[in-house]
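Just below is one structure, and these are the notes that go with it.
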Amino acid sequence: MKKASPESPIGIFDSGIGGLTVANAIVRSLPQEQIIYFGDTAHLPYGDKSADAIRYYSLRISKFLLEQQCKMIVVACNSASSAAYHVLVDFFRGQALFVNVVDPLVEAVAKKKYHKVGIIATKATVQSGMYERQLRSLQPDLEIASLATPLLAPMIEEGYVHNEISHAVLHSYLSHPSLEGIDALLLACTHYPLIRPEIEDFFGEKVNIYDSTDVVTSAVEQRLGSKNLLSEAKQHPHRFFVSDYTPSFESTTRLFYQEELTLEHCPIW
Ligand code: DGL
(Lines give C-alpha, C1' and ligand atoms only; values in the text may rest on other atoms or scores of the structure.)
Protein backbone atom coordinates (compact mmCIF):
# COMPACT_ATOMS: atom_id res chain seq x y z
CA MET A 1 0.00 0.00 0.00
CA LYS A 2 1.19 3.54 -0.86
CA LYS A 3 1.81 5.93 2.01
CA ALA A 4 -1.35 7.95 2.71
CA SER A 5 -1.31 11.51 1.42
CA PRO A 6 -3.79 14.37 2.01
CA GLU A 7 -5.35 13.60 -1.38
CA SER A 8 -6.07 9.96 -0.47
CA PRO A 9 -9.79 9.20 0.06
CA ILE A 10 -11.64 8.67 3.33
CA GLY A 11 -13.20 5.19 3.51
CA ILE A 12 -16.55 4.88 5.27
CA PHE A 13 -18.47 1.68 5.90
CA ASP A 14 -21.73 0.47 7.38
CA SER A 15 -23.88 -2.65 7.23
CA GLY A 16 -25.99 -0.92 4.60
CA ILE A 17 -26.97 2.56 3.68
CA GLY A 18 -27.55 4.01 7.17
CA GLY A 19 -23.92 5.11 7.34
CA LEU A 20 -24.70 7.51 4.51
CA THR A 21 -25.97 9.88 7.24
CA VAL A 22 -22.36 10.09 8.45
CA ALA A 23 -20.97 10.26 4.89
CA ASN A 24 -23.39 13.09 4.12
CA ALA A 25 -22.25 15.09 7.17
CA ILE A 26 -18.56 14.56 6.31
CA VAL A 27 -19.04 15.60 2.67
CA ARG A 28 -20.93 18.76 3.69
CA SER A 29 -18.35 19.84 6.28
CA LEU A 30 -15.23 18.73 4.39
CA PRO A 31 -16.14 19.26 0.71
CA GLN A 32 -12.50 19.01 -0.37
CA GLU A 33 -12.34 15.34 0.72
CA GLN A 34 -13.07 12.37 -1.56
CA ILE A 35 -15.00 9.56 0.11
CA ILE A 36 -15.27 5.88 -0.74
CA TYR A 37 -18.34 4.34 0.87
CA PHE A 38 -18.99 0.63 1.35
CA GLY A 39 -22.42 -0.65 2.42
CA ASP A 40 -22.44 -4.36 3.27
CA THR A 41 -25.99 -4.83 2.01
CA ALA A 42 -25.35 -8.58 1.54
CA HIS A 43 -25.15 -8.96 5.34
CA LEU A 44 -27.60 -6.33 6.52
CA PRO A 45 -28.60 -6.02 9.37
CA TYR A 46 -25.49 -6.27 11.55
CA GLY A 47 -27.55 -5.52 14.66
CA ASP A 48 -28.78 -9.11 14.87
CA LYS A 49 -25.42 -10.78 14.08
CA SER A 50 -22.86 -12.20 16.51
CA ALA A 51 -19.82 -10.11 17.42
CA ASP A 52 -17.59 -12.67 15.63
CA ALA A 53 -19.53 -12.34 12.37
CA ILE A 54 -19.44 -8.53 12.54
CA ARG A 55 -15.66 -8.63 13.17
CA TYR A 56 -15.11 -10.88 10.18
CA TYR A 57 -17.16 -8.61 7.86
CA SER A 58 -15.46 -5.46 9.18
CA LEU A 59 -11.96 -6.88 8.63
CA ARG A 60 -12.72 -7.81 5.02
CA ILE A 61 -14.34 -4.46 4.22
CA SER A 62 -11.45 -2.54 5.79
CA LYS A 63 -9.02 -4.55 3.66
CA PHE A 64 -11.02 -3.55 0.57
CA LEU A 65 -10.98 0.14 1.60
CA LEU A 66 -7.23 0.01 2.24
CA GLU A 67 -6.76 -1.45 -1.25
CA GLN A 68 -8.48 1.75 -2.48
CA GLN A 69 -5.65 3.67 -0.71
CA CYS A 70 -7.89 5.20 1.96
CA LYS A 71 -6.01 7.35 4.47
CA MET A 72 -8.72 6.89 7.10
CA ILE A 73 -11.53 4.42 7.71
CA VAL A 74 -14.67 5.62 9.45
CA VAL A 75 -16.64 2.76 10.98
CA ALA A 76 -20.03 4.41 10.37
CA CYS A 77 -21.99 1.69 12.12
CA ASN A 78 -22.47 1.43 15.87
CA SER A 79 -22.80 -2.35 15.77
CA ALA A 80 -19.43 -2.64 13.96
CA SER A 81 -17.81 0.08 16.11
CA SER A 82 -18.85 -1.84 19.25
CA ALA A 83 -17.87 -5.31 18.06
CA ALA A 84 -14.91 -4.70 15.78
CA TYR A 85 -13.20 -1.32 16.23
CA HIS A 86 -10.41 -2.52 18.54
CA VAL A 87 -9.76 -5.57 16.37
CA LEU A 88 -9.46 -3.34 13.28
CA VAL A 89 -7.08 -0.91 14.97
CA ASP A 90 -4.85 -3.81 16.12
CA PHE A 91 -4.95 -5.70 12.84
CA PHE A 92 -4.28 -2.74 10.54
CA ARG A 93 -1.94 -0.83 12.88
CA GLY A 94 0.08 1.74 10.94
CA GLN A 95 -1.87 1.28 7.70
CA ALA A 96 -4.68 3.81 8.16
CA LEU A 97 -6.36 5.94 10.80
CA PHE A 98 -9.58 4.51 12.20
CA VAL A 99 -12.48 6.52 13.61
CA ASN A 100 -15.51 4.90 15.21
CA VAL A 101 -18.92 6.40 15.90
CA VAL A 102 -19.04 5.61 19.63
CA ASP A 103 -16.11 7.60 21.10
CA PRO A 104 -17.11 11.06 19.76
CA LEU A 105 -20.70 10.62 20.99
CA VAL A 106 -19.59 9.43 24.44
CA GLU A 107 -17.19 12.38 24.80
CA ALA A 108 -19.86 14.91 23.77
CA VAL A 109 -22.39 13.52 26.25
CA ALA A 110 -20.03 12.90 29.21
CA LYS A 111 -18.96 16.56 29.13
CA LYS A 112 -22.49 17.65 30.00
CA LYS A 113 -22.62 15.82 33.33
CA TYR A 114 -26.21 14.64 32.96
CA HIS A 115 -27.93 12.73 35.75
CA LYS A 116 -29.53 10.04 33.58
CA VAL A 117 -29.12 9.24 29.87
CA GLY A 118 -30.92 6.81 27.61
CA ILE A 119 -29.33 4.91 24.72
CA ILE A 120 -31.31 3.39 21.86
CA ALA A 121 -29.47 1.07 19.49
CA THR A 122 -29.44 -2.32 17.80
CA LYS A 123 -29.26 -5.51 19.87
CA ALA A 124 -25.56 -5.96 18.97
CA THR A 125 -24.66 -2.48 20.21
CA VAL A 126 -26.65 -2.81 23.44
CA GLN A 127 -25.27 -6.31 24.14
CA SER A 128 -21.67 -5.12 23.65
CA GLY A 129 -22.08 -2.72 26.60
CA MET A 130 -19.53 -0.41 24.94
CA TYR A 131 -21.46 2.83 25.49
CA GLU A 132 -22.14 2.05 29.13
CA ARG A 133 -18.52 1.13 29.85
CA GLN A 134 -17.14 4.22 28.16
CA LEU A 135 -19.69 6.60 29.66
CA ARG A 136 -19.10 5.17 33.15
CA SER A 137 -15.34 5.46 32.78
CA LEU A 138 -15.79 9.22 32.21
CA GLN A 139 -18.68 9.74 34.63
CA PRO A 140 -18.96 6.90 37.17
CA ASP A 141 -22.18 8.17 38.81
CA LEU A 142 -24.14 8.49 35.54
CA GLU A 143 -27.43 6.58 35.42
CA ILE A 144 -27.77 4.82 32.05
CA ALA A 145 -30.75 3.09 30.44
CA SER A 146 -29.92 1.12 27.27
CA LEU A 147 -32.78 -0.09 25.13
CA ALA A 148 -32.49 -2.35 22.08
CA THR A 149 -34.78 -1.02 19.34
CA PRO A 150 -34.30 -3.60 16.57
CA LEU A 151 -37.35 -2.62 14.52
CA LEU A 152 -36.08 0.89 13.82
CA ALA A 153 -33.24 0.25 11.33
CA PRO A 154 -35.28 -2.03 8.99
CA MET A 155 -38.24 0.34 9.30
CA ILE A 156 -36.08 3.27 8.20
CA GLU A 157 -34.40 1.26 5.39
CA GLU A 158 -37.89 0.55 4.07
CA GLY A 159 -38.61 4.28 4.01
CA TYR A 160 -41.09 4.19 6.91
CA VAL A 161 -40.30 7.58 8.43
CA HIS A 162 -42.61 10.39 9.49
CA ASN A 163 -45.74 8.31 9.03
CA GLU A 164 -48.26 6.46 11.19
CA ILE A 165 -46.16 3.30 11.38
CA SER A 166 -42.96 5.02 12.47
CA HIS A 167 -44.99 7.07 14.93
CA ALA A 168 -46.54 3.94 16.48
CA VAL A 169 -43.25 2.01 16.66
CA LEU A 170 -41.37 4.95 18.15
CA HIS A 171 -44.11 5.69 20.62
CA SER A 172 -44.01 2.11 21.85
CA TYR A 173 -40.19 2.06 22.26
CA LEU A 174 -39.79 5.55 23.71
CA SER A 175 -42.52 5.00 26.31
CA HIS A 176 -40.47 2.17 27.84
CA PRO A 177 -40.39 2.68 31.64
CA SER A 178 -36.58 2.41 31.72
CA LEU A 179 -36.33 5.70 29.80
CA GLU A 180 -38.35 7.61 32.37
CA GLY A 181 -36.50 10.63 33.80
CA ILE A 182 -33.71 10.81 31.19
CA ASP A 183 -32.06 14.19 30.54
CA ALA A 184 -30.51 13.07 27.23
CA LEU A 185 -31.00 10.34 24.64
CA LEU A 186 -28.20 8.95 22.45
CA LEU A 187 -29.27 7.79 19.00
CA ALA A 188 -26.64 5.04 18.87
CA CYS A 189 -27.35 3.81 15.36
CA THR A 190 -26.37 5.61 12.18
CA HIS A 191 -29.87 5.11 10.75
CA TYR A 192 -31.56 7.10 13.49
CA PRO A 193 -30.75 10.70 12.43
CA LEU A 194 -33.58 10.19 9.91
CA ILE A 195 -36.13 9.85 12.70
CA ARG A 196 -34.56 12.45 14.98
CA PRO A 197 -37.36 15.01 14.39
CA GLU A 198 -39.98 12.46 15.45
CA ILE A 199 -37.96 11.60 18.56
CA GLU A 200 -37.60 15.31 19.38
CA ASP A 201 -41.36 15.72 19.00
CA PHE A 202 -41.95 12.83 21.37
CA PHE A 203 -39.77 14.20 24.18
CA GLY A 204 -40.19 17.92 23.61
CA GLU A 205 -37.66 20.28 25.19
CA LYS A 206 -37.00 18.23 28.30
CA VAL A 207 -34.61 15.72 26.71
CA ASN A 208 -31.47 16.60 24.73
CA ILE A 209 -31.03 14.35 21.70
CA TYR A 210 -27.59 13.35 20.35
CA ASP A 211 -26.70 11.58 17.12
CA SER A 212 -23.29 10.78 15.65
CA THR A 213 -23.29 12.87 12.46
CA ASP A 214 -21.73 16.17 13.57
CA VAL A 215 -19.57 14.84 16.39
CA VAL A 216 -18.05 12.17 14.12
CA THR A 217 -17.37 14.74 11.41
CA SER A 218 -15.50 16.89 13.96
CA ALA A 219 -13.51 13.84 15.08
CA VAL A 220 -12.58 13.07 11.44
CA GLU A 221 -11.46 16.65 10.82
CA GLN A 222 -9.47 16.78 14.03
CA ARG A 223 -7.67 13.42 13.47
CA LEU A 224 -6.81 14.24 9.85
CA GLY A 225 -5.67 17.74 10.84
CA SER A 226 -3.42 16.38 13.60
CA LYS A 227 -1.64 14.17 11.01
CA ASN A 228 -1.49 16.88 8.31
CA LEU A 229 -3.76 14.74 6.15
CA LEU A 230 -6.59 17.19 5.41
CA SER A 231 -7.08 17.50 1.66
CA GLU A 232 -6.95 20.90 0.04
CA ALA A 233 -8.65 20.03 -3.23
CA LYS A 234 -10.81 17.06 -4.17
CA GLN A 235 -9.19 15.09 -6.99
CA HIS A 236 -11.69 12.33 -7.78
CA PRO A 237 -15.45 11.79 -7.50
CA HIS A 238 -16.93 10.01 -4.48
CA ARG A 239 -17.71 6.32 -4.95
CA PHE A 240 -20.43 4.28 -3.28
CA PHE A 241 -20.08 0.49 -3.24
CA VAL A 242 -22.55 -2.12 -2.01
CA SER A 243 -21.93 -5.86 -1.59
CA ASP A 244 -25.42 -6.68 -2.89
CA TYR A 245 -27.27 -4.45 -5.30
CA THR A 246 -31.01 -3.95 -5.68
CA PRO A 247 -32.74 -0.93 -7.21
CA SER A 248 -34.58 -0.44 -3.92
CA PHE A 249 -31.27 0.20 -2.09
CA GLU A 250 -30.47 2.85 -4.66
CA SER A 251 -33.83 4.59 -4.35
CA THR A 252 -33.64 4.51 -0.53
CA THR A 253 -30.26 6.28 -0.56
CA ARG A 254 -32.17 9.49 -1.34
CA LEU A 255 -33.43 9.47 2.23
CA PHE A 256 -29.96 9.23 3.73
CA TYR A 257 -27.80 11.29 1.38
CA GLN A 258 -28.70 14.73 0.09
CA GLU A 259 -27.43 14.31 -3.45
CA GLU A 260 -28.39 11.73 -6.03
CA LEU A 261 -25.81 8.96 -6.16
CA THR A 262 -25.06 5.80 -8.11
CA LEU A 263 -24.38 2.58 -6.23
CA GLU A 264 -21.70 0.28 -7.65
CA HIS A 265 -22.04 -3.43 -7.02
CA CYS A 266 -18.84 -4.82 -5.49
CA PRO A 267 -19.26 -8.51 -4.57
CA ILE A 268 -16.29 -8.93 -2.22
CA TRP A 269 -17.71 -12.07 -0.57
N1 DGL B 1 -26.32 1.32 11.05
C2 DGL B 1 -26.19 0.23 11.97
C3 DGL B 1 -25.66 0.75 13.31
O4 DGL B 1 -25.29 1.91 13.45
C5 DGL B 1 -27.48 -0.49 12.26
C6 DGL B 1 -28.11 -1.28 11.18
C7 DGL B 1 -27.86 -2.76 11.28
O8 DGL B 1 -28.36 -3.41 12.21
O9 DGL B 1 -27.18 -3.25 10.41
O10 DGL B 1 -25.61 -0.01 14.25
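For ligands, and for the atoms within them, numbers begin at 1 and follow the listed sequence. What you are looking at is a predicted structure, and each value in this text was computed from that prediction instead of being measured.
Surrounding NE2 of H171 are at most 12 heavy atoms belonging to other residues, nucleotides or ligands under 6.0 Å away.
Using cut-offs of 30° and 60° for the angle between ring planes, the F92 and F98 rings count as parallel.
Between the side chains of S243 and D40, a donor-acceptor pair is found at a separation under 3.5 Å. A side-chain donor-acceptor contact under 3.5 Å links E198 and S166.
You'll find the ring centres of Y257 and F240 inside the 6.0 Å limit.
Protein residues with a heavy atom closer than 4.0 Å to ligand 1 are D14, S15, P45, Y46, G47, C77, N78, S79, T122, A153, C189, T190, H191, listed by chain and number.
In this view, Y57 satisfies the side chain to side chain donor-acceptor pair (under 3.5 Å) rule with no residue, not counting sequence neighbours.
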